[in-house]
Each structure stands twice: as structure tokens, then as C-alpha cells.
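So the structure is just underneath, and the comments pick up after that.
Reminder, nothing fancy here: chain letters follow the sequence lines and each chain counts from 1.
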Amino acid sequence: MKRRDFIKQSGLAAAGTLLVPSFLKNSFFESGGHKKLVIVQLSGGNDGLNTIVPYNNQLYYDARKQLALKENELVKLNETIAFNKALESLRPVWDQGLMTILNGVGYPNPDRSHFRSLDIWHTASDANEYLNSGWIGRYLDSDCPGCENAAAAIEVDDSLSLAMKGNRRSGFAVKDPALLQRVTKEPFFAGIAKSYIPAMLNEEHQGYLYKVLVDTASTADFLASKTKSVPSAGEYPDAAFAKQMKQVARFIRADLPASVYYVSLGGFDTHSNQRVRQDRLLKQWADGIRAFLRDMKDAGKLDDVLVMTFSEFGRRVSENASGGTDHGTANNLFLFGGGLQKKGVYNEMPSLQNLDNGDLLYSIDFKRVYATLLEKWLKVDHRKVLSRDFPLLDFV
Amino acid sequence: MALSKEQINTLHLHARAGFGLPVTQLEDWSKMPVTAQVDRLFSESESFTPLTVIKDFGRPEKVKEMNDAERKKLRVQKKEELQQVNTAWMKKIFSDKAQLRERMTYFWHGHFACRTDMPWFAQALNNVLRKHALGSFKEMLKEVAKSPAMLQFLNNQQNRKQHPNENFARELLELFTIGRGNYSETDIREAARAFTGWSFDRETGEFRIREKAHDDDPKTFMGVTRNLGGEDIIEIVLAKPDTALFITRKICRFLVAENPEEKTIESLADSFLKSGYDIGALLKQILKSDWFYAETNRGCLIKSPVELLAGIVRNTGLTMHKEESLIYIQRMLGQVLFYPPNVAGWPGGKSWIDNSSLMLRLRLASLLMSNGVIEAEEKDDMPEEFRSNEEGGTATAGLQRRFETQFNWDSFIAGLPASWKRDELASFFLRAQPPSNILSLVSEVKDNASRKNALVQILSLPEYQLT
């Protein structure tokens, strides 16, 4: 049915997005209203207390005689909190109102195993639930506008995270599209992709291999042709994480139909020797984020981009006996972008006194963050993705 | 003439119980019934040699006294040695006669997933796994729990009476023995207390219990209350049928199929428990069963990167002498020995395959056989030891690498029966058969040139990714 006819026949269209057929939604977003979500995962369990430091709280120093940051290692933001100095490149980001910190983000009955907690964050399950699909994968499954595209969600990496795997659809993992395209165009593979008939394969893994081959070839073509002549602007540090953010920026500048990007930075599991390792990684993260935001501003896209940074759990309040911290629970979560409604500190830091067996108590369920991003930023019904109704937050 | 049923069964057995059978050995093995072949696999694994590439235990103590130049030298040396342990094992996997033992060492390596930056520790742990790979799971578990590599990786030498560190106890229960849902958080805390003081001598790497750090007060673990030590925890956990189930299920998924019937696993686990955790006995039961040779269990597993690479080497006779190449390929394929993504090991199966990894894997054999070039970037989360670029960890974009392989077409072809045409070659190299319209894209074999084409194409088919 053509657009004109639909409008004529429907009379007064209802306001809810659920009643708007996909072709209308597509054209709405075509006009530049398409928001991008960039998810940054800090793998290993980043120690939030040494990231955003409650420097005026004596309990912090009591619990961390070795690990507590000293005065000259802090960048004070206000009366209560300071950045770890490793984050100093984010200072201008903070000052310009492009950053929001959510405190005490976690979930009930927290799991302190990497494997499990990461699964929980990736699948948005309850602590006692085991889901095999990721929340972004299910976002793709929910028939969001543009999500029938094979590259509607892109992970800048060599392999795909569980978060990006849905029941019907999955995201696309690629570090360099031109490289990938060259590879799929080899004659023998092009021949297989053309000759393949799904019905002739009856074994599950065999069928899977062929399907991936065919999808890869067509998607690689598409991505390479769209990003061929897109530069990125500004200086990016010479580190792997920054390179990934740079690639995300190129994809965004190329106006791809992708609405979600996923990037990981690992190494945060600091059971020992935390100061050296965490500080180094935090700097990489901060520098990369800063360069990316500058790039997006230059492209005039800062208001359409939202970066969310999370880690699968925080760490214990007290240090352990080897200059590190053990797995904990609630943590801070960071948002960056030009479209933030509530900037700076979103909510109170968790108490350092009222703990759960040495761990911080959560006050915001991370699934509410997901629900808010799905509903208010990506404009889909979060219940279709998360299977439950969550009260939304108002950071955006 | 098509391959016989016996030959196909033989190839299936050696693909699962080893790393693939070179064509030159096909005749010799396939004239025996598969049950006899299993016995022969065991006897050929009876004697074995440990990895010995690292001669010295590098002493970590003196590091504190070093200046920057000395430290850098030590870092470089450690990095080289870690690469040496890795490549020494890869080469063993490629060519060692005790294939079944190497295969199971590889399995246990993924099960007792561990990362260490001390080459001596890595080698020692690998040798513990090799020693017990076909023997007693109980003895292996005890030695693994006392190995410096594992104690360090799971921070146990920092597990002290005053400040318990639960990492070791948690992973022991969750991943190495009984699995999730079969213990409580309290069990973990109590187990951690039992393991306090478990450490290793910094001078020699030998296991010792630090008496002052050990908590010898009573503990309650899984219903047992007394002054429990680490070995007691292990005994208690092994007495639980759920532990036998957990290990058996994992072995079945590794050797047979992704979703074996629960009944089958339970029955095998029961025997495993009653045998006192005799790994060899369990393996024999599996590898001699009708179930193992069932049609639906053939070609139904996706090869891991190491299996893919080893299969190519063993199938084609190519060699790779340059250590850096071996490391590089592992990195690009997403699996580096001695460097699992985390303590849960490599998830395996479909997770090896996605849009970017598949293209590399499909082309791998052809690239290696032509000493070709791969343009791709390195993943970020490798430790410095396994990166081969310069100090400072600078990222290099669009890096081109040559593999420095030695491959001889003539000797490869000479090993193949001259009468074998396209169908026979496909049956030999592929454990799952492609649909006829796909196989028809492969060259017919009429002469040497077309035979070469056919071989490369067969090794480039999606079916070659399956085992």
C-alpha cells in the first residue's frame, strides 16, 4: 500500500509507534532522526570506587589503605566525587555536559563470576535465569526499523558477543569492511554463495556455515561500498580501543542503517596489582571516548549518538592482601553524548557503610537502563526485548 | 571406487580421538576393526614425553631489584619462552605418535583453563595434564590444584586466613568439578578457608602450605564439618555424583555430539564415578560404543581453530617452522594455546564461527599451501607475551604476514591413491558430505593440475570446517 493511500484511509492515525507500519517508520528515520547507541563493555569487572572516587569519605580510605588514590591522583569534579586522574581527558567532556554517571547499577542476587555475570548483562536475564539470546539480538528480532538489515548492529571486533546474538537475527562482527569484502569476492566462494540451496542441507552446523557465508558476502559488499570514501576527523590515540572507536565513527559518518555498535575493552579483572593495570586501562578508555566525541561533534552527529559504558560487576569495597580487589557487585555506569537530559551525577553513590557482606548495594537495576535506551533512544517497545515492564529512567 | 565403510569409520575415529589421520596411515589402521583401533590408540599413548622446551625456572623474586633495562630484558625473554611453550606443544599435536594422549591433554587444557606469564609454570601444568590425561581424574585434579600456574592464576597464594580470596575455590567448584547450582556461596567461602595457605615456593616453584596463612579452624563444606584442608574439599566434591556427571557430559560433548541424550551421559557418569574417575575406562566405553559411530554423530561438530590447523597440517604434510607464524595464525583464528579467554575456557561450537572468522577459516588451507598472505588485525585482549609487534603495544593497521610454510605438492599428491577422483578425495578429507550441486563446483580430477585444484577446493568447502 502506498504511503499516500494509507494516510487517506486510516483517518486519524493513533499516536503509538506500535500502530505505525514499517514503511512510515522508515521514512521518519530516514530524515535524520536515527539515533545511534554505542555500547562499550569494560571486561573483567572494573573497580568503580577507584574510577569515580568518593574522596571526602573516610570509609574509602579505611577500606583501601594501599589502593586509595592520593590527592594528586584525583581530578575533583565536585564536593563529593573525583575522577581517577587517568580519566583526566574526560574533564572537558564532563564540563561540557556530555557525560552522565549512574551510580549503584546492578541487579538482585548479584553473581560474582565473570562468565555468569557477563551472560546476565548480555542476555538481560535474572540472576537465576539462563537465556541463550542477547538483548541487542532480541532488539533486532523485534522488527525495529531498519533491523532487517544484516548489519543493523555492528560489533567492531573479530568475533560476535552473546549480547548481539538474537533468536532470529544477529549483529555483524567486522573490524575492517574493505578487507572483508576482498575476501568474500574470491571466485570459488562467490560460486558457493550463489549455488547454495538451504533445503539441501539437513545438518544443523552444516546449514549454519553456509548461511553465514552467504550473509557475510552480501553484507561485506554493502559495508565496504558505503564506507569507502569516509574519513574520520581528528586525532585518535594509537591504542586498540581508540582504533575501534575510530571505526565506529567512520561507520556513523557513512550513514549506515546500523543503530547499535558494540566495542569491548578487556583486562579489568584486577585481583592484584590493581593500580598499575586499572589506571592504564582507564586512560585508554577515557582517551578513546574523548576522541570519538570530538569526531562526532565535528560530523554534526553528537546529539544523535549515545555511548553507554558498563562493566559486568564492580569490585569489593575492601582491598585484598595483594594490592587488588575481588569481584563485587554494583558499579557505576557511564553515558556520553549530546542528547543527555540529566547531566553529571544522576543519583547518589551507594553507601560505603551499609554494605551487603562487604559489597555495594545496587539502587538501579541495569535492565532499567536497557529499557530506557530501548524505549526512549532506539524507540522500540522494551517489553518485546526484555519480556517485562521496567520503570524507565530519565537520563534521556 | 568409493571409500569403504571401514575406512570412513576409521577416519571418524581418528578425527575425534586424535587430530586427523594422514592418508599414508589409512590402509594400516582401517584393516583393523575400530574397537581394536581404540586399543591400539591407547597402547600408542602409553609411553610419552613431556614438554621440556623451558629448561629453567625463572625466579620472580629478583625482579624487584632490577633496573629498567634488566626488567625489559626479562620481559622479552619471558615472552619468547611463552611462545616457545606454545609452539612446542602445537608441534607435538601435529606429529606426536601418542595422538590420543595429546588430544585429551588438549581437552583438559580447555577444562582447566589457566593463564600464566611464567613459561615454566605453563609448561609444568601442561605436563601434569599430559601425565594424567588418560588416567585418574582425581590425581590430576589434586596436582592441578597444587600447580603454581593455577595457584597464581586464581590468586590462591594470596588466599590468607585474615583476608580470604575466594577466586580459587569458586572456579574449582563452578568450572573444574561439580558445576553451578550444586553448591552455595557459603560452601565457596568455607572452601576458600580450607585452601588458605596453599602456595608455592618462590625459589623452586614447588607446592607448599604456608602454615601461618592457613586457617585450620573447623569449616562446614557441603554438610561436612571439621578442620577441612584443600585435599578434603576435593575428596568431598569428587564423592558427589554430580561431579561425575559434569565431567562426563563435557567429555561427551567434546568427543561425540553437542547434545547427547541425558540417559547416555548418566549411564557413563555412573561408571565413571564407580571406577574412581578412571578417564581411560570412560574413553574406551565411549569410543567403542555404537553410539559413537552413529550416523547423526558424524561431521556434526565444528572444529576448533587448533583442530582445524592440526588437521590441515596432518592432512597435507605441510610444516611451519617459523614460531611467529604459528602464534599469529592461532591469534587470527581466535584460539591461542595457553591463553584461554577466561577461566571457563573456550566455549566452542558455533561460537568459533561468525561472519569474520568464517572467511579466514575457509581460506586457511589454501593460504598455507601457497605461502600466502593474510591481511587482518590483531585482537586487543592478548597479553604482551603473545603479541609480536614492538614494545609499547602500538597497534599496527592492515598488517600483512607471510606464513613461511614448507609445503610440497609432489609429496602430498604422491601419498594419495592415484585412482582417487573427486568423490574419493571428498570422502577422505570431509567428515560431512556436501550437497551434490556444491560438490560439482569442485574440479573434476583429470590430470595433475585439476587434481591440485580439486584438493584446494575441497579443503575450502564449508564441510571441511566440520569434524
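Residue with the most contacts toward chain B among A:L162, A:V174, A:I192, A:N320: A:I192 (heavy-atom pairs, distance under 4.5 Å).
Heavy atoms of B:P164 lying under 4.5 Å from chain A belong exclusively to its backbone. Contacts of A:F172 with chain B are made by both backbone and side-chain atoms, with heavy-atom separations under 4.5 Å. Only the side chain of B:N167 comes within contact range of chain A, with at least one heavy atom under 4.5 Å from a heavy atom of that chain. No part of B:Q152 comes within reach of chain A, as not one of its non-hydrogen atoms sits under 4.5 angstrom from that chain. Using a 4.5 Å cut-off between heavy atoms, A:D326 contacts chain B through its side chain alone, with no backbone atom that close. The part of B:L358 that comes within reach of chain A is its side chain, from C-beta onward, which places non-hydrogen atoms under 4.5 angstrom from that chain. When heavy atoms are compared at a cutoff of 4.5 Å, B:R298 does not approach chain A at all. For B:R361, no part lies near chain A; criterion is any non-hydrogen pair under 4.5 Å. Interface residue B:L301: only backbone heavy atoms are found under 4.5 Å from chain A. Of the atoms belonging to B:E258, it is side-chain heavy atoms, and not backbone ones, that fall under 4.5 Å from chain A. The contact between B:L441 and chain A is made by backbone and side chain atoms together, counting heavy-atom distances below 4.5 Å.
Side-chain atoms of A:H205 come within 3.5 Å of backbone N or O of B:C300 as a donor-acceptor pair.
Going from atom CD of A:E204 over to atom CG of B:N259 covers 8.0 Å, rounded to the nearest 0.5 Å.
Under the 3.5 Å distance criterion, with hydrogens and angles disregarded, a donor-acceptor pair is assigned to the side chains of B:E463 and A:Y210.
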